[in-house]
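In what follows, a single structure is set out as structure tokens and then discussed.
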2 protein chains.
Amino acid sequence: MSSSLKDVAARAGVSARTVSNVVNGSARVAPETRRRVQEAIEELGYRPNLAARSLRAGRTGIVGLAIPELHSPYFAELAGLLVDEARRRSWTVVIDQTRGDAEAERRLLTGDGGRVMDGLIISPWALPAEDITAAARPLPVVLLGERSPQGLADRVAVDNVAAAEEATAHLLSLGRRRVAAIGLQPHLRNGTAELRAEGYRAALRRAGITPRPEWERPVPALHRADGARAMAELLDTGAEPDAVFAFSDELALGALHTAHVRGLRVPEDVAVVGFDDIEDGRFGRPTLTTVSPDKGQIAARALQCLADRVYSPRNDVPAADLTVPHRLVVRASTGG
Amino acid sequence: MSSSLKDVAARAGVSARTVSNVVNGSARVAPETRRRVQEAIEELGYRPNLAARSLRAGRTGIVGLAIPELHSPYFAELAGLLVDEARRRSWTVVIDQTRGDAEAERRLLTGDGGRVMDGLIISPWALPAEDITAAARPLPVVLLGERSPQGLADRVAVDNVAAAEEATAHLLSLGRRRVAAIGLQPHLRNGTAELRAEGYRAALRRAGITPRPEWERPVPALHRADGARAMAELLDTGAEPDAVFAFSDELALGALHTAHVRGLRVPEDVAVVGFDDIEDGRFGRPTLTTVSPDKGQIAARALQCLADRVYSPRNDVPAADLTVPHRLVVRASTGG
DNA sequence: TTGAAAGCGCTAACAC
DNA sequence: GTGTTAGCGCTTTCAA
């Protein structure tokens, strides 16, 4: 077994209190005493036990991150930024995947995990915000990209409606008129896809085009394969789109794949815009036009929100609703 | 503050012991008593404090995963599988990114993190195995894809030499003779790139071809941009390769990008093979031939190793050295 | 400046 | 089947 603070104290001929002071640099300690203690620590290979420290402090220094899939480039990139940002604050991140499963999201909150974390950053998928915050209570929660929590919890997201509108307007500005949308998820409760659909339709209407149901393709998930399938359906049902707005880059890349297989030229025959700005899109063929959310800011702000709540003595700070900037990055898939 | 086991006991009119039994389902409890306790738990919203439980048990139920970058598709996918596998064992995973920084790798082991984890799975980058296991002691460590730990720690990896040899042999079997390699990393200490280079050269020699230094391109990192640059250098220096073996799919995708920009046809002018079998490769243009390691098995075995050590009373179990299967997946980039 | 000791919330050995 | 209690390793109040 490894040695404890008591062992160090005994070895250095001082009390536990003094060792604790040395380790934390808290109170003033006589230089000679400090030296002796340091020496004992070294010799015994002592390392403080975090469980004990957490028990005392009532905090664990661990913040949870719950995302649908680590596997997805967008979430992986975001998770990476969050981990970096957390380290800057001396926090550790535990990552959980919900795999788009409502039960998994709930279990995450009610299960053991709920007690080991000081707070949770969650990108909801299957559950609506109300359920999540209710299940988490009293754990501080930050929602990523969720619709209308109505002051239930802090929230950080891009303006999905505006971003989708811009993306669609860009396609229309190229003279395209039959603009399809890939990525609706009517079976989900998180609302993100619905917001993007709203923006898409708004842009069409503003250009004097009536949105048509056959232009809107739902998908079961957001993988390349789903985008490829949706694109194939779009072509098979005779919608004859001359442009496609995919609600994620992965879907867009799948759509590009199908377009290529079917002998369509991009952007000449079909222009394509994605959402997320993942690295694959920058090196795909053709390179992908996309909506780029400021992921660094999402990470920074989410952790700031959490820090405010965990360290704040007051419980009644109103829920923040932060909108993070985005920009349209035009590349080859729309002739950029 | 949230309520403790004692509060529940008081409310249910039983002792702490009984509540503990109910929570853990350990000893037998009278049905009526159980009901009362459950009710009290419900009413108070009681949740066990994991810090206290850890302190008691001497274990935290947390296993660390240290990878160079979450951002990279290969590691993201692997991390996802490890998280799933960990959940199956009721373990929580904390993920740390080393960003290829030796100092970060060391700090991870000597810092606070070392005390909160029951064990660590690490994909080393900058530090050699000896340093890692030394710094981690007495924390159980599993190395992923590292060269020759010589019994220092458990290790799980594919047979890099054999896999690289197969990939190269595949290119040679297509009649290619000027087979280049992208992805050497002489500045790193983890050895993986060197093993793949060995396999690459061995295959060339077996085909009666003398490996040439100008065919081997080093890279600072394994991103698409590095692959793109390496490919450009290869073309600019007049090596005139008719095939390229990239040590990772990301590098390969970057190389494909450059080939396209330079007007080279793949596979007609240059055939390309990658390594990792990430999802992007399956939907790229052209689709990418690659070496596919069994990632599920890497995840499962790594956790099995850790479980054996954490739960094993004996300290002298010899270090395991597990080789995970791989297979060559032939796709369009080599005419498959 | 340092020591003694209480107690964070939980589990389990020991009683009954 | 249930109660009592010691103690995991640490921080911190109170004394000295």
Side-chain angles (χ1 to χ4, degrees), chain A residues 1-38 40-41 44-62 111-118 138-139, chain B residues 1-41 44-62 90 112 114-118 138-139 310-311:
Chain A
M1 263 318 279
S2 52
S3 46
S4 78
L5 187 141
K6 223 182 250 174
D7 301 329
V8 176
R11 174 130 194 161
V14 298
S15 82
R17 162 70 193 262
T18 305
V19 178
S20 177
N21 282 341
V22 170
V23 171
N24 298 297
S26 43
R28 276 179 311 216
V29 180
E32 164 59 12
T33 313
R34 173 184 302 278
R35 202 193 48 72
R36 278 220 317 286
V37 172
Q38 299 269 25
I41 288 177
L44 292 169
Y46 167 75
R47 298 201 201 161
N49 178 318
L50 288 227
R53 196 175 268 179
S54 299
L55 179 55
R56 254 324 294 222
R59 280 188 287 105
T60 59
I62 292 178
D112 283 356
R115 270 316 232 145
V116 80
M117 308 178 294
D118 287 342
L139 190 73
Chain B
M1 263 317 280
S2 52
S3 45
S4 79
L5 187 141
K6 225 180 245 176
D7 301 330
V8 176
R11 174 131 193 161
V14 298
S15 80
R17 161 71 195 262
T18 304
V19 178
S20 177
N21 282 341
V22 170
V23 171
N24 298 296
S26 43
R28 275 177 315 213
V29 179
E32 163 59 14
T33 313
R34 174 183 303 276
R35 201 193 49 69
R36 277 219 320 284
V37 172
Q38 300 269 24
E39 213 171 271
I41 288 176
L44 293 170
Y46 167 74
R47 296 200 202 163
N49 179 318
L50 285 238
R53 196 176 268 179
S54 299
L55 180 56
R56 243 343 283 226
R59 280 187 287 105
T60 59
I62 292 178
S90 311
D112 282 357
R115 273 313 237 143
V116 80
M117 308 179 292
D118 287 342
L139 191 72
V310 172
Y311 293 114

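Throughout, a chain's letter reflects where its sequence line sits, starting with A, and its residues are numbered from 1. Remember, it's a predicted structure, so these values are computed and weren't measured experimentally.
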* To do: Just call it for B:V14: base, sugar-phosphate, or nothing, with non-hydrogen atoms closer than 4.0 Å on any strand.
  =>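 Answer is sugar-phosphate: B:V14 comes under 4.0 Å of backbone atoms only.
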* Looking across every strand, which nucleic acid part, if any, lies under 4.0 Å from B:S54 by heavy atom: base, sugar-phosphate, or nothing? ->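 If one applies the 4.0 Å heavy-atom cut-off, B:S54 turns out to touch nothing in the nucleic acid.
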Euclidean distance, atom [atom1] of residue [X] to atom [atom2] of [N] [Å, nearest integer]:
| X | N | atom1 | atom2 | answer |
| --- | --- | --- | --- | --- |
| A:L5 | D:dG7 | CG | P | 18 Å |
| A:N24 | D:dT11 | CG | P | 5 Å |
| A:L50 | C:dG9 | CG | P | 18 Å |
| B:R34 | D:dG1 | CZ | C1' | 12 Å |
| A:R56 | C:dA5 | CZ | C1' | 11 Å |
| A:D7 | D:dG9 | CG | C1' | 10 Å |
| B:R53 | C:dC10 | CZ | P | 8 Å |
| A:K6 | C:dA4 | NZ | P | 12 Å |

* **Side chain of A:L55 - closest among D:dG1, D:dC10, C:dG9** =>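 Taking heavy atoms from C-beta onward, the closest nucleotide is C:dG9.
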* **Nearest listed nucleotide, side chain of B:T33, among C:dA13, D:dT2, C:dC10** =>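 Per side-chain heavy atoms of B:T33, the pick is D:dT2.
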* Does D:dG3 have OP1 or OP2 sitting under 4.0 Å from an N or O in the side chain of B:S15? ->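 True: B:S15 side-chain N/O within range (under 4.0 Å) of D:dG3 OP1/OP2.
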* So does B:S20 get a side-chain nitrogen or oxygen closer than 4.0 Å to the phosphate oxygens (OP1/OP2) of C:dC10? ->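 B:S20 to C:dC10 OP1/OP2: no side-chain N or O under 4.0 Å.
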* Test item: B:S54 side-chain N/O and B:L50 main-chain N/O as donor-acceptor pair under 3.5 Å ->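 Yes, the answer is positive, given that a donor and an acceptor are paired below the 3.5 Å cut-off.
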* Contact nearer the 5' end of DNA chain D, comparing B:A52 with B:T18 ->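 Closer to the 5' end of DNA chain D: B:T18.
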* Asked: If you take atom types as modelled and just measure distance, does the side chain of A:R17 reach the base of C:dT1 with a donor-acceptor pair under 3.5 Å?
  ->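 Under the 3.5 Å cut-off, the side chain and the base do not form any donor-acceptor pair.
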* Under-4.0 Å salt bridge between B:E39 and B:R36 ->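 Salt bridge: no.
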* Please lay out, stage by stage, how B:N24 and B:R53 fare under the test side-chain contact (heavy atoms from CB on, under 4.5 Å). => CA-CA 11 Å; B:N24 298 296; B:R53 196 176 268 179; 3.6 Å; yes
* Asked: Taking all non-hydrogen atoms of both residues, which atom of B:V310 and which atom of B:R59 are closest, and how far apart?
  ->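 For B:V310 versus B:R59, the nearest heavy atoms are CG1-CD, 3.5 Å.
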* Asked: Does the side-chain contact (heavy atoms from CB on, under 4.5 Å) test come out yes or no for A:S4 and A:N49, once each step is laid out?
  -> CA-CA 8 Å; A:S4 78; A:N49 178 318; over 6 Å; no
